[in-house]
Number of protein chains: 2
Amino acid sequence: MSSTNVMNIKELKQACKACSLRDLCLPLGVSVEDLSMLEGIISRKRPVQRRDVIYQAGDPLTCLYAVRTGSVKTFVLTNDGEEQVTGFHLPGELLGLDAINDGVHPCTALALETASVCEIPFDRLEELAGRTPGLQHQLLRIMSREIQTDEHLMTLLGHRTSDARLAAFLLNLSRRFGMRGFSRHEFNLTMSRCEIGNYLGLAVETVSRMLSRFQEQGLIQVQRKFITILDADGLREIAGIHGHDARHQEQASGH
Amino acid sequence: MSSTNVMNIKELKQACKACSLRDLCLPLGVSVEDLSMLEGIISRKRPVQRRDVIYQAGDPLTCLYAVRTGSVKTFVLTNDGEEQVTGFHLPGELLGLDAINDGVHPCTALALETASVCEIPFDRLEELAGRTPGLQHQLLRIMSREIQTDEHLMTLLGHRTSDARLAAFLLNLSRRFGMRGFSRHEFNLTMSRCEIGNYLGLAVETVSRMLSRFQEQGLIQVQRKFITILDADGLREIAGIHGHDARHQEQASGH
DNA sequence: CGTAGGATTGAAGCCGCTCAACCAAAGTGG
DNA sequence: CCACTTTGGTTGAGCGGCTTCAATCCTACG
């Protein structure tokens, strides 16, 4: 909802019911009457700016956050102080699920660009989920999906070469943008090469080189942050995805 | 509950209430009266033998499984047919959480040794969780913990050298054995070097070499599958864990 | 006792990292 | 408005860690 000072009634009314993300986000599969309950506990925060912190590692868990617009990265700091990116998050995705375990956020969430997020008080969500089977199921599903995603990323990090990782990363982004109504073929990378490399376990230079090579091979076109995918099948080949069952395969992001 | 043919009354009585794992498993923090309800839906299966399949990739999700004794590995088959180990599971840990998302098990669970598992029908668990706030919370916590664990493993795979990965793996196993009342200092590896390597994204030979090197350095003693940890702090050093905050750090396993 | 699978050890090669220089774009301050 | 700085990205050269390939050893088990 715009900002706290400049209230915008029209946006305020844009509750889950009318939200274009409802088929991606928490309300998926929740009945209309239950949806009203959910709306009751969700507040739409004012937009956050690039590099704004949404929550910080060590913060107590009070809310989960749903990305509405923009994009967000999450990362942990390892004991020797270096950053490890754990995910990039697009509209409709839920942040903070890893904090439920001990009630403290293990990672920091940072806006990659101007973004807006919905705040969902966790205790109220939990209580509501107890009274709303559809919501409980959806919550479990979302957490399960995250576990699945992480498993795929583990495969990528453990067993794939740099080109396969990057190809899978691009395909995954492409698919996720597509699901959100954006183009699958051209999109902006909101994260830096450095953040991509960190996420994929590669050096920045390697990311840069691979992007150049993909471009040479006519698979993509790179214009700074703007990526055009010219040959998705070619990328799938490199990513080690052999047709059909490519549902979850185009992993490499998404927490 | 023991086997379907040979009923064993004594084992039958070993419900969650009396189970030594209750502080590790699902019932943690669930009140005594709620516990009876949980017991009502859980059945104890007969022991499975080494290499027995508990569930297979592609199977529809009917039950979650709690390891009671023994150990289990889970793995996915990549499109080119090779195996990718996603976790090793010790008593008190829950299997199958990654299947909730789309109702189909994405991975296969296989007993590494003679083991016994509790079967928990998922639909009934879900229904019970809706009526039992403590249980719902615990279920969410377990899933959240798994996400956290996976995040740590991602860090390991993406940013750590082979020695750090193996050291972290050994420390993680040590801690988990310790929590279950076994010795932290000596234990059997129920998985092969090959499976460890696969899990950590390393070649078998590297695992073998690292174990030998750790032994040379006086950090551990290796007698085939039997490991004795001589210098846990030394291992922590290598794993990149600098004291204190080593709660979740000793990751590298555990799904 | 012999075989097979797992584990260890050695040698060689390659992928990706590190180091370093250079470039482009976007701020920043006078 | 321009010079300077900063940040992020690209490209090249050399190195090193891990993999691959291969041979041998060991132990469990028929």
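Residue numbers begin at 1 in each chain, while the letters A, B, ... track the order of the sequences. Any value given below was found using the heavy atoms of this structure, including those in side chains, with hydrogens, waters and symmetry copies removed.
Within residues 211-219 of chain B, no residue has any heavy atom under 4.0 Å from DNA chain D.
In the 5' to 3' direction, nucleotides of DNA chain D lying under 4.0 Å from heavy atoms of chain B begin and end at D:dC18 to D:dT27.
Residue B:Lys225 places no side-chain N or O under 4.0 Å from the OP1 or OP2 atom of C:dG6. Contact annotation: B:Arg193 side-chain N/O to C:dT8 OP1/OP2 distance is under 4.0 Å.
If you check every strand for non-hydrogen atoms under 4.0 Å, B:Arg224 touches sugar and phosphate atoms only. Contact annotation for A:Ser162: backbone-only contact, meaning every heavy-atom pair under 4.0 Å involves sugar-phosphate atoms and none involves a base. Nucleic acid contact for A:Gly197: none, since no nucleic acid atom lies under 4.0 Å from a heavy atom of the residue. Note on A:Arg51: only backbone sugar-phosphate atoms sit closer than 4.0 angstrom, heavy atoms only; bases stay farther off.
Side chain of A:His159 to backbone of B:Asn198: a donor-acceptor contact under 3.5 angstrom is found. The backbone N or O of B:Gly92 lies less than 3.5 Å from no partner atom in the side chain of B:Arg180, so there is not a single donor-acceptor pair. In terms of modelled atom types and a separation under 3.5 Å, the side chain of B:Thr86 and the main chain of B:Thr74 share a donor-acceptor contact. Remark: side-chain polar atoms of A:Thr228 are not paired, donor with acceptor, to backbone N or O of A:Glu186 under 3.5 angstrom.
Distance CD (B:Gln223) to C1' (C:dG6): 17 Å, rounded to an integer number of Å. Going from atom CG of A:Asp163 over to atom P of C:dG16 covers 7 Å, rounded to whole Å. Rounded to an integer number of Å, the gap from CG of A:Asn198 to C1' of C:dC17 is 14 Å. C:dT8 atom C1' lies 15 Å from atom CG of B:Leu166, rounded to whole Å. Taking atom CG of B:Leu112 as the reference point, atom C1' of C:dG6 lies 15 Å away to the nearest angstrom. Taking atom CD of residue A:Glu113 and atom P of nucleotide C:dA26, one finds them 16 Å apart after rounding to whole Å. Across the protein-nucleic acid pair, B:Leu189 atom CG and C:dA7 atom C1' stand 12 Å apart, rounded to whole Å. The separation between A:Arg50 atom CZ and C:dA26 atom C1' is 11 Å, rounded to whole Å.
One finds the CG atom of B:Leu112 at 5.5 Å from the CD atom of B:Glu195 (value rounded to the nearest 0.5 Å). Between A:Asp98 atom CG and B:Arg145 atom CZ the span is 14.0 Å, to the nearest 0.5 Å.
The shortest non-hydrogen separation linking B:Ala239 to B:Leu171 is CB-CD1, 4.1 Å.
Under the 4.5 Å side-chain criterion, counting only non-hydrogen atoms from C-beta, A:Leu153 is in contact with A:Leu156.
The residue among B:Arg209 and B:Ser192 whose nearest nucleotide of DNA chain C lies closer to the 5′ end is B:Ser192.
Using a 30° and 60° split on the angle between ring planes, A:His105 and A:Tyr55 fall in the parallel class, below 30°.
A salt bridge does not link B:Glu113 with B:Lys225: every distance from a Lys NZ or Arg NE/NH1/NH2 to an Asp or Glu carboxylate oxygen is 4.0 Å or more.
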